Each structure stands twice: as C-alpha cells, then as structure tokens.
2 protein chains.
Amino acid sequence: MPPTTGLRARLRAELTTEIKDEARRQLAAEGAPGLSLRAVTRSLGMASSAIYRYFPSRDDLLTALIVDAYDAVGAAAEEADAGVAPDDFGARWRAVGLAVRAWSLANPHEYALVYGSPVPGYRAPPDTVGPASRVTLVMARLIDGAARAGVLDDPPWTPTLPPIGVELRASVRTLVDLAFPNVSDEVAVRAVAAWTQLFGIISFELFGHFHNVIDEVSPVFDRSLLEMGRLVGLSAPRSSSGPTVDVSSAGPGVGDEVPPDGEDEFWHLV
Amino acid sequence: MPPTTGLRARLRAELTTEIKDEARRQLAAEGAPGLSLRAVTRSLGMASSAIYRYFPSRDDLLTALIVDAYDAVGAAAEEADAGVAPDDFGARWRAVGLAVRAWSLANPHEYALVYGSPVPGYRAPPDTVGPASRVTLVMARLIDGAARAGVLDDPPWTPTLPPIGVELRASVRTLVDLAFPNVSDEVAVRAVAAWTQLFGIISFELFGHFHNVIDEVSPVFDRSLLEMGRLVGLSAPRSSSGPTVDVSSAGPGVGDEVPPDGEDEFWHLV
DNA sequence: TCCTTATTGTGATCACTGCTCTCGTTAGTG
DNA sequence: CACTAACGAGAGCAGTGATCACAATAAGGA
C-alpha cells in the first residue's frame, strides 16, 4: 500500500525544509536584508526560479522563518517554565525571562526578525498569531496562576496612585478577559509593563543601545526581572538557578551595605 | 575676502538638505528598505549617479537620516521637559514619556530606523552617539535632579529584595558615574528598567505586538509611565496636563498612500 | 496498462537596485 | 588668465525579485 505522502510530497517537504535551513543560515550570517533568494538557490544547486515553486515570494519565505522563530522562542519559554517547580511562581517568571533572553542572544537575527522593525508593506498571515503568542501566554498563565493560587501579593503602593479610570479599564478589558481572569486591572496593566520591559531591555541590548551605558547586561537583566516580577506581585524565587545567579550568595557581606537612607521598613509607602 | 560659504557650498548645502528631505519622504512612505537612491534622484530630476557626490553610499544617507531622527526625538523630549515646572519631577517624567511616544507615533518609520532592528553590518559612526543620547540624558538628568533635590522617594520594597551584588554594581558603575551621581545603584538599575520599558511599549505598539491584546494603548501607556516613575521614586505629577496623549496624528503616518490591500495600517507584521 | 493531468526544474527575460567609471563643464583660487 | 577641484550626465556592471514558456516527470483515473 502506498503511503499517503507520495514520493513527490516527501521530496517537496524535504526541499522546503532544506530551503528554510539554508535561508536561516543566511539570515544568521547576513541578517534579514541580506537574505537573497538567488543565493539560497545557488547554495542548493538549483535554478533561481525553482524556489518560487516552494515559496511564492520572498515575503512568504520570511513568513515561514518568522513562524519558526516564534515557535522556537515560545518553545524555549515553555520548556523553561516547565523546568521549575510549578508553585514557585517567582522562579518560573525568572526562568522564562532568562530563557527568552538566552534564545534572543543566541539567535539575534531571528529575534530582530520578529521583535524588530517589521517589513513595511508586509502583511502578517493569520497563521503567525498562534506561534507569536506562545511566550506571551506562558507569562500570562504564570501570573494569573499565581493569582488564582492566592500567592500573588497585593500590588505595592497602589493606594498612592490615582484609581484606574474607565478608559484604562476598557483598554485592558479584552486582555483581562482573555489571559487574566483572576487578576485585577491594576495588576494586568503592570503585567503589560513587565512584559514590554522584558522585550525592551532585550531589544536595547541586541540593538546596541547599551553601548557606553552598560557593558555587562546579565546582572541588570536579572535584577530588573526581579523588579518586574515584584511589580506584578510575584515574590522572589525560592530556588534561583541559572547562568547569572549570585543573588542568593550575598553572604560575604560585600554587597549588602545598608541602603542609602537606612530604611528598615518593609513598604514605607503602602 | 570671499565668504567662507561660497556659491558652490551654498548650493551643496541646499541640495544636501533637499536630498535628505526627499529621502525622508520616501522613508515615511515606504520605510527604510524601500528607500531607493535612484528614486530620490528621479524625484529631484538629477542623474542617478549625481547623488554620490553628496552621500558616498546608501548607508551614509541612512546615517544622516538616523542622526536627524535622534535629534528630532531628542528635541521633542527636551522641549517637553522644559515645558513643565522644573521642580515637578513627576510631571516632567510624564511629559517626556508622552512626548517620545507622540513623536514615535507621528514618525513611525523614523522610529523604526533608530529603535528598530539595526542594519546588519552597519556600524554607527561616532557622530551618532551624541544625538542618540539626548532623550536618554533628559530622563537621567530629571531623575538624578530629583534625587539631588531630595524629593526622590526611597525605592519601595527594597528591603524585601536581595541586596545588590558586586556584579550588578560593576555593571552600572559607568552609568552611575556618568548620569546618576546622586542616585543609589538600586535606583539606577530601576531607571534602566523604566527607560527600557518606555521604548519597549512604544516598539510593541508600533510594531503591532498589541494586536488582539490592547486596542487603545494611550491609557495603558500613561499608566505604566506612572508606574515606572513610581518605581524609581518619582511622585505622581502635581499637574497633569492631560489624561492621554494626543494621538490625532497617530494614524497611517504622514505620507499615507493607501496600501494595495486597503489595510488601515502602514505596515503589517503580527 | 495507458493516458491525462498536475507538479516540478530550467533558462531566458524584465525591471530594478547600488555603485563605479569616464567625460565634458564650471566655480573657486593663485 | 590659467589651473585645479568639484560637479552633473551618461554608460555600464553585477546583483536582485519576479514572470514566463517549455520540457520532464510523478500521480491517479480509465
């Protein structure tokens, strides 16, 4: 009995992945603007026009690479999240953040492809939104899970801020309904801030905006991850493991000078 | 004595700005990848080779546009900062943030040029670092100024976080020395977080990552501006000039030809 | 088994790009 | 006035994305 995938379909699938692999190689070497269809076909030993049998245009090839990149970073985030104790929400948040940054540093051009400037006139097909939201959903699920578990601290300093207005409530309505059913509007907007901060600092690092400002980003990233987690109400990780740890090993007493004003209160504002 | 600016130099300066203006027009219409030297010369009625008398390569023209963009957003930030009472640091922070977002929404392609994915292999000339740091310096000066004035609140929840380690202190050393002489390391790293959050949320909005997540970003942006200001110790603005930014000019940009698909966005990624 | 059909690879070709070169022309300077 | 450096124009090169007609071939129905 012949398999449902004939010989032609198998060859087509193989060549498709081969094209994508070669394209990804060129992407990593030259970046998105340097991705040339003709160079891909040249490397694969085929005619320059043959590639259009598999990808109708350059944008379609880029779309495939975008979907793969979203899937890759999403898988990295999910895997990191699954590798930590499920009830240690602070550690999960940190692990996801570190994983996203690690993937981004390892695949800078693919990161730029999905989180950098979009190609003008390029219309994202609907099949990109699924992979695109994987890493977002990981973070949202973990924050909302902490809230449902009742271990999400009340948002600090909230009483010192003006109450949330109707416009803001309307803006985050779909977000709250979709991903944050157990979370207040206040925490939801803070989650957006933490989410965008994460990618903001990664983009700045990758795109060179830290030159002459910060040389070693790892400690700063780890710390702001902690701060952002604290912002949304996540407590510090119980178990911290990772490439740039050292936060729990503050025993030597070197780094633990008293804060400038010697505050010993817990929250002196709330 | 002949004037230092002869007739030839004057014509050269005029044509240079004319080229840049036309290039900026094409940039706003088609984006950076669609910027064509030949199209620019065509619009100006000159030979295609003549433009190389003024800009040795396409990258040099882009560099000029980058410098101008940095200067424009820097000037917008400085102007907004100067338009608020100097001792109302919360209002200054908010004004600067709103101004940066307003400029970005009004000039999306120029924003993408400077804060989006950099051109691979493109090395920023040293004359870009000056304009590039204008908006950063505005924010740093205002935070440090609040600290020097003694009105910067102590960082909230600091005692609940592990103390700052030696690595983190070393990472922000140059930053603290350079821009935050009156601020603790704790606040300095929070300033970095707030800074990157600001551009992270703007990038997400402009690059389409809020689709199906947040429809009206203005209230969320304003709120997270408040949260980030609070994070670094700035108190809420005493005078708030307006609840939301004016986004009337935020639509399809300036040179808004209708895209072939009848879409309402100028670029479509995710 | 045969024959039709759809799919695939190929080379030619088009319009376009950034960029270089040469060749007259002209403004600025001694 | 003469000379040099800057300038504009045109031809040309190598490369690009994309389209086309044409030949070869696998797939599937009669």
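Convention: sequence-line order gives letters A, B, ...; per-chain numbering from 1. What you are looking at is a predicted structure, and each value in this text was computed from that prediction instead of being measured.
- No donor-acceptor contact under 3.5 angstrom links the side chains of D177(A) and T174(A), judged on distance only.
- Salt-bridge annotation for R141(B) and D81(B): absent, with no side-chain N of the basic residue lying under 4.0 Å from a carboxylate O of the acidic one.
- Summarising the geometry, the separation between CG on L15(A) and C1' on dG9(C) is reported as 10 Å, rounded to the nearest angstrom.
- Residue contacts shown for L35(B) are limited to sugar-phosphate atoms, with no base heavy atom under 4.0 Å away.
- Phosphate proximity of dG9(C) to Y54(A): present, with a side-chain N or O under 4.0 Å from OP1 or OP2.
- No side-chain N or O of S117(A) forms a donor-acceptor pair with one of Y111(B) less than 3.5 Å apart.
- Taking 3.5 Å as the limit, the base of dA27(D) and the side chain of R8(A) contain no donor-acceptor pair of atoms between them.
- Between the CZ atom of R58(B) and the C1' atom of dT16(D) there is a distance of 13 Å, rounded to whole Å.
- Among the nucleotides dC7(D), dC19(C), dG9(C), the one closest to any side-chain atom of L37(B) is dC19(C).
- For the pair D60(A) CG and dG17(D) C1', the computed distance is 13 Å after rounding to whole Å.
- Nucleic acid contact for R38(A): base, since at least one base atom lies under 4.0 Å from a heavy atom of the residue.
- If you run ring pair (Phe, Tyr, Trp, His ring centres under 6.0 Å) between Y115(A) and each of W195(A), F207(A), F199(A), only F199(A) comes through.
- Here S36(B) lies in heavy-atom contact (under 4.0 Å) with sugar-phosphate atoms only.
- Rounded to whole Å, the distance from CD on Q26(B) to C1' on dT17(C) is 13 Å.
- We find that CG of L11(A) is positioned 14 Å from P of dT25(D), with the value rounded to whole Å.
- If you check every strand for non-hydrogen atoms under 4.0 Å, F55(A) touches nothing.
- Side-chain atoms of W93(B) do not come within 3.5 Å of backbone N or O of I143(B) as any donor-acceptor pair.
- Within the 4.0 Å cut-off from OP1 or OP2 of dT7(C), not a single side-chain nitrogen or oxygen of R53(A) is found.
- Nearest nucleotide to the R42(A) side chain, out of dG8(D), dT16(D), dC19(C): dT16(D).
- Counting any heavy atom pair closer than 4.0 Å across all strands shown, I51(A) reaches no nucleic acid atom.
- Residue R10(B) contributes atom CZ, which lies 15 Å from atom P of dA27(C) at whole-angstrom precision.
- Judged by distance alone with a 3.5 Å cut-off, no donor-acceptor contact links the side chain of S57(A) to the base of dG17(D).
- Taking the side chain of A47(A) as heavy atoms from C-beta on, and the options dG8(D), dT10(C), dG10(D), the nearest nucleotide is dT10(C).
- Taking atom CG of residue L44(B) and atom P of nucleotide dC7(D), one finds them 16 Å apart after rounding to whole Å.
- Atom OH in Y52(A) sits roughly 11 Å away from atom P in dT16(D) (whole-Å rounding).
- Contact check, R12(A) against dA6(C): no side-chain N or O comes under 4.0 Å of OP1 or OP2.
- Side-chain contact annotation: S218(A) with R101(A), donor-acceptor N/O pair under 3.5 Å present.
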